[in-house]
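Below is one structure, written out as structure tokens, with a few remarks after it.
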Amino acid sequence: RHQALVKEVSDLGETEQRLDELITKCNLQLKLLTEDPQNKKLAYVMCQDLRNTVDPPDQLLMVVKAPPGTQMQVLDPSEGMQISLKSPQGPIDVFLCPED
Amino acid sequence: AQECQNLELEKQKRMERIKQKRAQLQELILQQIAFKNLVQRNQRSEEQNQSPPPQNSVIQLPFILLNTSVRTVIDCSISSDKCEYLFNFDNTFEIHDDIEVLKRMGMSFGLESGKCSSENLKIAKSLVPKSLESYVTGMSAGPSWLNQDQFTCNSEPTQTALLT
Amino acid sequence: RTRILVSIGESFGASEKFHKINQMVSSSERSLKRGLDMSSAPKPLKRL
């Protein structure tokens with residue numbers, strides 16, 4: 001039983017290491033993908049796309065575009081329904097999606 | 001007996017970490033598929049229309065989406081440099097980030113919930129590197145694959161048993 | 001534990017935290033409704 005356990009733990013160690021390599025590789029791939037200028041230009045959604053993702057569709061949709069490092073703070077609702085945004089570098093853009 | 005007990009403990013810890021790392025890898029693969037799918041969709045649409053959509057009608061990634069009832073009253077204060085906002089709501093709201101929106105738009109072919117058709121599975125696999133294809137196949141079988149006992153992954157070039 | 005802080009502005013970062021926020025807000029809706037039964041007036045909210 002001891003030998004079997006040693007083998008299993010060693011296999012699991014290999015597995016974990018393999019997963020770490022894949023996660024590192026995927027993070028790098030995603031970074032390269034999202035920073036590629038051509039992809040950046042084509043990485044957008046339309047207001048209608050957003051409206052199709054909420055149920056019911058006739059809701060108020062607010063889109064927040066913030067610089068990296070912006071802190072969003074959501075209060076515990078027992079103290080009030082409050083959201084604050086604070087950007088360390090540059091203005092934050094907030095806009096509403098039109099109904100139609 | 002003591003050593004066996006320690007090994008058993010170590011084995012449980014490793015299996016728990018592997019499960020979390022597989023979930024993390026699954027999320028990264030979904031993000032990669034969703035992002036590429038979105039870019040390809042927009043590229044096809046711009047080629048069909050022979051022009052990009054009006055700038056004021058598109059929302060570039062990254063963004064955050066907040067939705068609430070149309071009857072919600074929102075009290076909004078903004079600092080003069082637009083670096084600080086304070087929103088007070090009199091009703092509940094929901095907040096989603098861009099990847100969540102892309103999934104809801106179907107950009108990840110329903111892989112996150114195991115509802116991916118065989119046709120879409122082919123497309124999804126074409127959007128990831130070869131070494132990840134078997135993960136995408138595993139994901140299409142549904143969230144249970146995370147708990148699957150036996151899972152193998154095509155690694156370059158050998159086949160290694162990932163979990164026993 | 002009276003608030004949740006999320007760093008935004010980068011792609012694909014904080015889905016998990018938003019799930020938590022949405023759960024916190026929607027669960028408050030139920031407790032808010034229960035609260036209204038005791039007709040406790042909602043507290044005035046602070047301004048910026």
Side-chain angles (χ1 to χ4, degrees), chain A residues 1-2 5-6 8-9 11-16 18-20 22-23 25-27 29-30 33-34 38-47 49-50 52-54 58-66 68 72 74 77 80-95 97 99, chain B residues 3-4 7-8 10-11 14-15 17-18 21-22 24-25 28-29 31-32 35-36 38-39 42-43 46 53 57-61 63-70 72 81-93 95-96 98 101-102 104-105 129 131-132 153 155 160-164:
Chain A
R1 182 157 162 263
H2 183 276
L5 277 169
V6 166
E8 280 190 84
V9 168
D11 283 353
L12 290 171
E14 252 180 67
T15 301
E16 190 174 1
R18 173 103 187 92
L19 278 167
D20 288 338
L22 285 171
I23 287 169
K25 196 161 89 172
C26 272
N27 271 314
Q29 281 163 357
L30 202 55
L33 210 56
T34 51
Q38 179 60 8
N39 285 343
K40 245 182 184 168
K41 205 163 60 69
L42 287 163
Y44 58 78
V45 296
M46 318 294 284
C47 280
D49 290 325
L50 300 183
N52 294 338
T53 65
V54 292
D58 65 335
Q59 292 190 54
L60 184 142
L61 299 184
M62 187 193 287
V63 179
V64 177
K65 289 278 300 162
M72 171 185 270
V74 182
M81 297 280 185
Q82 189 177 88
I83 296 178
S84 64
L85 300 172
K86 199 162 194 163
S87 157
Q89 45 166 333
I92 301 167
D93 284 324
V94 176
F95 47 93
C97 269
E99 292 285 321
Chain B
E3 272 191 38
C4 281
L7 283 167
E8 195 61 54
E10 178 58 24
K11 176 184 160 188
R14 287 192 182 191
M15 291 193 85
R17 282 203 304 268
I18 284 170
K21 289 179 178 177
R22 273 164 118 206
Q24 189 185 350
L25 181 62
L28 287 169
I29 293 172
Q31 291 174 6
Q32 198 174 126
F35 185 85
K36 282 185 177 176
L38 176 74
V39 166
N42 291 340
Q43 194 154 25
E46 291 192 10
S57 71
V58 302
I59 296 146
Q60 284 308 132
L61 268 63
F63 62 84
I64 300 288
L65 175 67
L66 188 148
N67 56 287
T68 183
S69 158
V70 284
T72 301
D81 60 0
K82 286 181 59 179
C83 287
E84 278 190 69
Y85 284 69
L86 189 69
F87 298 101
N88 287 313
F89 297 79
D90 73 345
N91 197 348
T92 57
F93 53 80
I95 308 180
H96 300 288
D98 37 23
V101 171
L102 294 190
R104 290 179 177 215
M105 285 167 59
S131 58
L132 296 175
C153 161
S155 63
T160 53
L162 264 178
L163 272 184
T164 54

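Lettering of chains follows the sequences in order, A, B, ..., and the numbering in each one begins at 1.
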Next on the checklist: Rounded at 0.5 Å granularity, tell me how far CD in A/Q59 sits from OG1 in B/T68.
Outcome noted: 7.0 Å

Item to check | Non-neighbouring partners of B/D81 that pass side-chain contact (heavy atoms from CB on, under 4.5 Å), sequence neighbours left out | outcome: B/S79, B/C83

Item to check | Lys/Arg-Asp/Glu bridge criterion (N-O < 4.0 Å) met for A/E14, A/R18 | outcome: no

Checklist entry - So what's closer than 4.5 Å to chain A heavy atoms on B/F63: side chain, backbone, both or neither? => result both

Next on the checklist: Please evaluate residues A/V94 and B/Y85 with respect to the criterion side-chain contact (heavy atoms from CB on, under 4.5 Å), reporting the C-alpha separation (whole Å), side-chain torsions for both, the decisive distance (0.1 Å), and the verdict.
Outcome noted: CA-CA 9 Å; A/V94 176; B/Y85 284 69; 3.5 Å; yes

Checklist outcome for this item: Most contact-rich option vs chain B, by heavy-atom pairs under 4.5 angstrom, among A/I23, A/L30, A/N27, is A/I23

Checklist entry - Which bit of A/Q89 comes within less than 4.5 Å of chain B, counting heavy atoms only: side chain, backbone, both or neither? => result neither

Next on the checklist: Before you tell me yes or no, could you show the steps for B/L102 and B/L61 under side-chain contact (heavy atoms from CB on, under 4.5 Å), namely the whole-Å CA-CA distance, both residues' side-chain angles and the distance that decides it to 0.1 Å?
Outcome noted: CA-CA 10 Å; B/L102 294 190; B/L61 268 63; 4.1 Å; yes

Next on the checklist: Would B/M105 and B/V101 count as a side-chain contact (heavy atoms from CB on, under 4.5 Å) here? Give the steps.
Outcome noted: CA-CA 6 Å; B/M105 285 167 59; B/V101 171; 3.9 Å; yes

Item to check | Interface residue of largest heavy-atom contact number with chain B, from A/I92, A/V64, A/L5, under 4.5 Å | outcome: A/I92

Next on the checklist: Could you go through B/V58 and A/M46, starting from their C-alpha distance and side-chain angles, then the distance that decides it, and tell me whether this counts as side-chain contact (heavy atoms from CB on, under 4.5 Å)?
Outcome noted: CA-CA 5 Å; B/V58 302; A/M46 318 294 284; 3.7 Å; yes

Checklist entry - Looking at A/Q29, A/R1, A/K41, A/Q38, which has the largest count of heavy-atom pairs under 4.5 Å with chain B? => result A/Q29

Checklist entry - Pick from B/R17, B/E10, B/E8: which one has the most heavy-atom pairs with chain A under 4.5 Å? => result B/R17

Next on the checklist: At a heavy-atom distance under 4.5 Å, which candidate from B/Q43, B/Q24, B/Q32, B/E3 has the highest pair count against chain A?
Outcome noted: B/Q32

Checklist entry - Is it the backbone or the side chain of B/S69 that comes under 4.5 Å from a heavy atom of chain A, or both, or neither? => result backbone

Next on the checklist: At a 4.5 Å cut-off on heavy atoms, which part of A/A66 comes close to chain B: side chain, backbone, both, or neither?
Outcome noted: neither

Checklist outcome for this item: Max heavy-atom pairs within cutoff under 4.5 Å with chain B, candidates A/D93, A/N52, A/D58, A/T53, goes to A/T53

Item to check | Contact leader toward chain A among B/R104, B/K36, B/K21, where contacts are heavy-atom pairs under 4.5 Å | outcome: B/K21

Item to check | Best-contacting candidate, A/V45, A/L61, A/V9, A/L33, against chain B by heavy atom pairs under 4.5 angstrom | outcome: A/V45

Item to check | Closest heavy-atom pair and its distance - A/G90, A/S87 | outcome: O-OG, 2.5 Å

Checklist entry - Pick from B/I59, B/L7, B/V39: which one has the most heavy-atom pairs with chain A under 4.5 Å? => result B/I59

Item to check | Side chain to side chain, A/L19 and B/R22, heavy atoms closer than 4.5 Å | outcome: yes

